[in-house]
Amino acid sequence: MSVGIRFPANLFGHPTDKRIEAVNSELKYWTNHSNAPVTKVVFGHFPMSFTTSSEKGQRYESVFARQSISAYLCGHLHAKVSKQLWRYHEVRTTEGHKSSFWEWELGDWKDSRLMRILAIDGGAVSFIDHTLKQALQTSILVTYPTDSRSMNMLESEKWSMRNDINVLVFSHQIIRNVSARVFDSDSEFKIVEEIPLQLVASSSVHRPLFHAKWNAENYRSPSPTRYWLQVFVLDSHGVKISSEQRPFSVEGKMAIPTSPWLNYLVFEVQWEDMYQVLMWSNMAFTIVLLCSPKLLYHFVSRSSSYQRWSVSVLSSPIQQRKTYFWLVWFLMEGTRSKPFWLCLVIYVLWLIEMPWFWGRATSENGEIAQMYLSGWSMPFYDGGLTGNKLSNPDVLVITLPFLYLVVVPVIVLIYGLFVEKSTAYLRRSRRIEYSADSENMHAESTCLLPVAPRALLMKFSDKLVSMTIQFCGSWTRRALLLACLIISAVHLKLCSKLMSAYGTVPVALSPPLTWMPLLLLGAAAYCTKLHAD
């Protein structure tokens, strides 16, 4: 294997045109050099959702469909999401034919102790997974009929109706009896038939195959989940073990269940394409967030009416203004500070075109490389790995959390701090005007109120207004500062992960990634302090 980028930017498999052609030639060989039908199963490390296209845009799925494989077995995800990541692929070949194959992921042995027993029975591929946290006593694998939810091949030439029931039973004990029961889900899972199975005579003791004949015509059904099968095994110690109930269809019909949203997101979304969508939609949103309010403020401020409009927005009751009024005002106020706005624009442009950070990309003692939005850049020789845009789109594990959890929140929080400052100043000016008007009315109202009650009323009113302004302003600012601390903690957590992966010193000395978000938030918090007059 060639040298690659270290974790976490090693999320994808990167097949070359040469490798894809080699797989295609191998599969094609067995099609052309066998008189009997060949069942093809392909093993690989990466799921198809985390496999990129080759240099010429070729993908494994088209090869698998063209060569009519039955299943692709993969790993890589370490059972972090689910132990049942299964996907049915339907691919239209270049000849216009539709072909299909199953993709079955299996978690790891290292941490999860997962093991898979897979069997091929007359072209039907079946499997059972075990978690070997303790010694496995007995394993029951029904090789035919297969599970209609995850193993059937939809009305293909690979499927033919058979009057067989075949079961593999692996056990430390001697097996005394094996039987299969058929249940009808339309009749509240009542037993339709119980069929005894016999051990198939074989010269090998390691082939524990049990077989029985039945009339498959009895179980034709429009529904692939009407009939369910369960196998019961009795060993020499009198222990009775049963397999899971599972639906079957003698006609090869399928009932693929709906995947949980997280399984679908991880295993069925093509992340090579999704990364481009998520990355550039974020960058487009960020650019619009920076530029549109600034342009609008530029045109509005030229008419000298922005200040009056801001006061009218603040003075009117909330329910009398549409939501977009407050949103437009928030964005325009946030961009009024020209130095901060320019800093944010320069920072975003830097993230698009310039390196984010430096680190040891290939090994602990490897050469220092640069990571860009488009991937790693290694212009020097390091174990055979050179070039630009390396480990793309693997870098999504770095770029997407930073863009979505740090960059956009930092911009919004800086806007919020400047808006809070503007709001406090506008309300303070209104309070000062109110106090001046009250003093002018003082002489005229002396004849209407006694001196002591009037003084008490004015003192109480001013105190109430002051408390209201202080409460709203201070708590709004405290909430914003708390949000700044949370975003800073998230940012430091992301940086610590990168430091542990690519070296503490080079990552820590990379200003664009490590320092800038903290400096921007700190400077904005300091510059938006409300100074007492």
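In this chain, numbering begins with 1 at the start of the sequence shown.
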Student check: side-chain heavy atoms of Ser82 and Leu262 closer than 4.5 Å: no
Heavy-atom check, side chain of Leu77 versus side chain of Pro47, under 4.5 Å: yes
Closest approach of Tyr275 to Pro393 (non-hydrogen atoms, all atoms of both residues): CD2-CB, 3.3 Å
All ring pair (Phe, Tyr, Trp, His ring centres under 6.0 Å) counterparts of His45, not counting sequence neighbours: His76
Which atom of Trp358 lies closest to which atom of Pro512, heavy atoms considered: CZ3-CD, 4.3 Å
Euclidean distance, Leu405 CG relative to Leu400 CG, rounded to 0.5 Å: 9.5 Å
Nearest atoms (heavy-atom pairs only) where Leu396 meets Pro401: O-CD, 3.3 Å
Any side-chain donor near an acceptor of the partner, Asp17 and Ser54, under 3.5 Å: yes
Parallel, tilted or perpendicular, as decided by the 30° and 60° cut-offs, for the rings of Tyr60 and Phe64: parallel
Whether Arg116 side chain and Glu105 backbone form a donor-acceptor pair below 3.5 Å: yes
Crowding at NZ, Lys294 (>12 non-hydrogen neighbours, <6.0 Å): yes
Side chain proximity check, Phe330 to Tyr415, heavy atoms < 4.5 angstrom: yes
Minimum heavy-atom distance between Val91 and Phe101, given as atom pair plus value: CG2-CE2, 4.3 Å
Check: Leu373 main-chain N/O paired with Thr399 side-chain donor or acceptor under 3.5 Å: no
For the student: nearest non-hydrogen atoms of Leu513 and Cys495, plus distance: O-SG, 4.2 Å
Residue pair Arg478 / Leu481, side-chain heavy-atom distance below 4.5 Å: no
Pair Ser150-Arg246, side-chain donor/acceptor within less than 3.5 Å: no
Val23 vs Gln67, side-chain contact (heavy atoms from CB on, under 4.5 Å): CA-CA, chis, key distance, verdict: CA-CA 10 Å; Val23 172; Gln67 300 303 331; over 6 Å; no
Sidechain-backbone polar pair: Trp271 side chain, Leu265 backbone, donor-acceptor under 3.5 Å: yes
Donor-acceptor pair, side chain of Lys40 and main chain of Leu27, under 3.5 angstrom: yes
Listed once per pair and sorted, the ring pair (Phe, Tyr, Trp, His ring centres under 6.0 Å) pairs that draw on residues 482-502, sequence neighbours left out: Trp376-Tyr502, Phe402-His491
Ring center gap for Trp86 and Phe127 short of 6.0 angstrom: yes
Matching residue for Tyr88 among Trp104, Trp102, Tyr72, Phe267 - test: ring-ring contact (aromatic ring centres under 6.0 Å, His included): Trp102
Ser100 side-chain N/O to Ala65 backbone N/O, donor-acceptor pair under 3.5 Å: no
Met48 side, atom CE; Gln270 side, atom CD - distance, nearest 0.5 Å: 8.5 Å
For the student: nearest non-hydrogen atoms of Phe357 and Val507, plus distance: CD1-CG2, 3.9 Å
Check against salt bridge (Lys or Arg N to Asp or Glu O under 4.0 Å), Glu272 and Arg59: CA-CA 12 Å; Glu272 179 185 19; Arg59 294 195 58 83; 3.2 Å; yes
Distance, nearest 0.5 Å, that separates CH2 of Trp515 from CG of Leu520: 13.5 Å
Leu132 side chain near Trp109 side chain, heavy-atom distance below 4.5 Å: yes
CG-SG distance between Leu417 and Cys527, expressed to the nearest 0.5 angstrom: 10.0 Å
Over 12 non-hydrogen atoms of neighbours within 6.0 angstrom of OH in Tyr404: yes
Backbone N/O of Lys133 and side chain of Thr131: donor-acceptor pair under 3.5 Å: no
side-chain contact (heavy atoms from CB on, under 4.5 Å) between Ser62 and Gln58, intermediate numbers included: CA-CA 8 Å; Ser62 59; Gln58 296 187 80; 5.6 Å; no
Atom pair CG (Asp129) and NZ (Lys83), whose distance is rounded to the nearest 0.5 Å: 9.5 Å
Worked check of side-chain contact (heavy atoms from CB on, under 4.5 Å) between Met115 and Leu136: CA-CA 11 Å; Met115 181 193 74; Leu136 178 64; 4.2 Å; yes
Donor-acceptor contact below 3.5 Å, side chain Thr286 vs main chain Val408: no
Evaluation steps, side-chain contact (heavy atoms from CB on, under 4.5 Å), between Phe285 and Val288: CA-CA 5 Å; Phe285 174 79; Val288 169; 5.8 Å; no
Glu61 side-chain N/O to His89 backbone N/O, donor-acceptor pair under 3.5 Å: no
Distance, nearest 0.5 Å, that separates CG of Leu11 from CZ of Phe50: 5.0 Å
Pro8 and Lys497, any side-chain heavy atoms less than 4.5 Å apart: no
Backbone of Leu289 reached by a side-chain donor or acceptor of Ser292 within 3.5 Å: no
Electrostatic pair Glu333:Arg336 at N-O distance under 4.0 angstrom: yes
Side chains of Arg6 and Arg360 in contact at under 4.5 Å (non-hydrogen atoms): yes
Under 3.5 Å: donor-acceptor pair, side chain of Arg149, backbone of Thr225: no
Pairwise side-chain contact, Thr16 with Glu55, heavy-atom cut-off 4.5 Å (strictly under): yes
